[in-house]
2 protein chains.
Amino acid sequence: MANRCGGCAARLRGICNELAADQLALLSTLGRQRCLAAGETLIWEGEDAAVVANLLSGALKLTASTASGREQILGIAYPSDFVGPLYGRRSGYSVTALSDVEICLFTRRDFEGFARHHPALEHELLKRALTDLDRARRFMLLLGRKSAIERVASLILELSERLGTGGQLELPLGRQQMADVLGLTIETVSRQLTLLKSAGIIALPGRRALVINGRADLEALSEAA
Amino acid sequence: MANRCGGCAARLRGICNELAADQLALLSTLGRQRCLAAGETLIWEGEDAAVVANLLSGALKLTASTASGREQILGIAYPSDFVGPLYGRRSGYSVTALSDVEICLFTRRDFEGFARHHPALEHELLKRALTDLDRARRFMLLLGRKSAIERVASLILELSERLGTGGQLELPLGRQQMADVLGLTIETVSRQLTLLKSAGIIALPGRRALVINGRADLEALSEAA
DNA sequence: CGTATAGTTGAGTCTAGTCAAGGAATGTGG
DNA sequence: CCACATTCCTTGACTAGACTCAACTATACG
């Protein structure tokens, strides 16, 4: 079991990266790999979640809803990201698979016990929490103060950055999910994309494909008045 | 210098709570107390901040602005809260005093060096980062999906909770700042407060005073998920 | 090829923003 | 203590941007 993590896709970028071989072997006895189908929910909003996980492949969404059913996507997890409510807090959001995903699953109890005695791991978790917090706060500016066109332009740029595939994007989100990220409706997202396409700033060669032609224009739009 | 933190207002609730006496003595040689006048800015958005701080008294706001000058308050720091960009990140937001404040100031370099070798401190920082992240994400639901009246009702309830003074609130925020927290305009905030007052749900005995008469109504209006 | 799902477009409405004016509270100097 | 200025807050009239409802089109899939 010692080298069960050897071939793990997230090994080098994930939280386990900082662990020494013997510590990693111990952690690997606590976790187990699992798959989720697209749409399956791992953790429910408001529930006392018993598990945490490391994402190996695919993408997860973190969502919260109002009583009247309006949904807001609070964040998207990509491979090597860690999800789940550590240290005794109930989850304020649901975690749901956007695509088919593989995860490395731990019980919250086991993982917390392990982390508590491995400072290198907690240090890594802290860095990640701070990064996530930064990202969440930047998004608050978007949700509180940006217009529809600014939001859509910002999202395209952020996706481009996080997917790391340059100007050719394979969108991990459908239109409704883009709307749920941006705090807009599906119709508004569609209209703004059409505007950007008409202006020649982007191309939409397929339902889930997007090409950036005018990055400078997008950057200007993402911050304009 | 060993007991310089002995009389510190934030000692028991702050990050230093978990430190043993000798470690605390060491940390105290790195930090120094300072005061800020209301309106003074400690850290600027986009700047490579060299300092981090622990808030001892008063309140700080974390803000970001769009290119066109619209401001969004990303969070409010209360006594014993920790602020500042740890681990090599530029600050994505400004930190400004809402009232006169006292802080315990560290250079980022000193503090990071110390924390790196004191797991108990990093553990505490991690717990705080996770709490802040939760709060930021809950706020994203408000900013993305709630109506003006829902936002104002939610804010009143949250202030009531965090100030811990029951139904009698001494508001730490002016109307413009409430608007900047909620992603609204000052006029809209004023109108919603007037509506709540007319409905008898709240009273506004003074500019900075607010009394909750119908908490259940507020909760219904805030549509807590 | 037909159906189901996802996305686009259009018309009309409504909420919150904008612009403008007027009041109420706070502070200052005479 | 009062006139005055300043700042903060409220209210009103109008506008604009995003939402709603509805129809239509494109794409994926058996």
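The chains referred to below are lettered A, B, ... by the order of the sequence lines, with proteins before strands, and numbering in each begins at 1. What you see is a predicted model, and the numbers here were worked out from it, not measured in a lab. Values reported hereafter were calculated over all heavy atoms of this structure, with side chains retained and with hydrogens, waters and symmetry mates removed.
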**Q** Report which part of the nucleic acid Arg175(A) touches: base, sugar-phosphate, or nothing (heavy-atom distance under 4.0 Å, all strands).
**A** sugar-phosphate
**Q** Round to the nearest Å and state the distance from Leu195(B) atom CG to dA16(C) atom P.
**A** 11 Å
**Q** In terms of side-chain geometry, is the basic nitrogen of Glu71(B) or Lys61(B) positioned less than 4.0 Å from the acidic oxygen of its partner?
**A** yes
**Q** Quick check: on DNA chain D, is the nucleotide nearest Thr188(A) upstream (toward 5') of the one nearest Pro205(A), or the reverse? Name the residue that is more 5'.
**A** Thr188(A)
**Q** Could you check how far CZ of Arg145(A) sits from P of dA16(C), rounded to whole Å?
**A** 13 Å
**Q** Just the rounded figure in Å: distance from C1' of dT10(D) to CG of Leu210(B).
**A** 16 Å
**Q** Could you tell me whether the side chain of Thr188(A) and the main chain of Leu184(A) form a donor-acceptor pair under 3.5 Å?
**A** no
**Q** What is the distance, to the nearest angstrom, from the CG atom on Leu171(A) to the C1' atom on dG7(C)?
**A** 13 Å
**Q** Under 4.0 Å: is that the gap between some side-chain N or O of Thr194(B) and OP1 or OP2 of dT11(D)?
**A** yes
**Q** Do the ring centers of Phe139(B) and Phe139(A) come within less than 6.0 Å of each other?
**A** no
**Q** Taking the side chain of Leu184(A) as its heavy atoms from C-beta onward, which of dT8(C), dC19(D), dC9(D) lies nearest to it?
**A** dC19(D)
**Q** Establish, for the pair Arg162(A) and Tyr78(A), whether the NZ or CZ atom is under 6.0 angstrom from the six-membered ring centre and no further than 45 degrees off its axis.
**A** no
**Q** Can you check the Arg208(A) CZ to dA6(C) P distance for me, whole Å?
**A** 9 Å
**Q** Under 4.0 Å between a side-chain N/O of Thr185(A) and OP1 or OP2 of dC19(D), yes or no?
**A** yes
**Q** Rounded to whole Å, please give me the gap between CG in Leu204(A) and P in dT25(D).
**A** 19 Å
**Q** Assuming nearest nucleotide by heavy-atom distance, tell me which of Arg191(B) and Val189(A) is located more 5' along DNA chain C.
**A** Val189(A)
**Q** Just compare dG17(C), dT10(D), dA18(D) and give me whichever is closest to any side-chain atom of Gln192(A).
**A** dA18(D)
**Q** When you measure from the side chain of Glu187(A), which nucleotide among dT10(D), dC21(D), dA18(D) comes out closest?
**A** dC21(D)
**Q** How many Å lie between CZ on Arg151(B) and P on dA16(C), as a whole number?
**A** 8 Å
**Q** Does OP1 or OP2 of dT15(C) have a side-chain N or O of Ser147(B) closer than 4.0 Å?
**A** no
**Q** Return the value, rounded to whole Å, for the distance between atom CD1 of Ile186(A) and atom C1' of dT5(C).
**A** 11 Å
**Q** Compute whether any side-chain donor of one residue and acceptor of the other, for Lys146(B) and Thr66(A), lie under 3.5 angstrom apart.
**A** no
